[in-house]
Amino acid sequence: SPLFVAMITVSFAALGSSISGFSVNPARSFSSALFAWVWQGIWIYFAAPSLGMLGAAALYLRTMGPDRVYCAKVFHDLQSPCPFPCRFSQLYEKG
């Protein structure tokens, strides 16, 4: 998964920027739009990451089921309390 994400990011940066002039960093896109005073299409740099995240979460819930969601936190140390409604310890006990 990390290798796939890296390959996608590199291919977007190598191919997409020369075609459409996009950037991967929304802050950089906003600063360019601010100084050029061109606001057409800037909304996509802020809406797409959130919509993509929500779409991926909905797809995961639909395909895997809500019983496969253990926690929203990516890395757990099991020594500190989790701020989310967490079921990670159940997964850890199953082995």
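One is the number of the first residue; the rest follow in order along the sequence.
Grouping Ile, Leu, Val, Met, Phe, Trp and Tyr residues whose side-chain heavy atoms lie under 4.5 Å apart, directly or via other members, places Met53 in a hydrophobic cluster with Leu54. Leu3 forms part of a hydrophobic cluster together with Met7, judged by ILVMFWY side-chain heavy-atom separations under 4.5 Å. With a 4.5 Å cut-off between side-chain heavy atoms of Ile, Leu, Val, Met, Phe, Trp and Tyr, the cluster of Tyr60 takes in Leu61, Met64, Val69.
Taking the side chain as every heavy atom from C-beta outward, Tyr45 and Trp43 never approach each other to under 4.5 Å. By the 4.5 Å heavy-atom criterion applied to side chains, Phe35 and Phe30 are not counted as neighbours.
Checking side-chain atoms of Ser11 against main-chain N and O of Ile8 turns up a donor-acceptor pair under 3.5 Å.
Distance CZ/Phe46 to CG/Leu51: 13.5 Å, rounded to 0.5 Å.
Linking ILVMFWY residues whenever their side-chain heavy atoms come closer than 4.5 Å, directly or via other members, places Ile42 and Leu34 in the same cluster.
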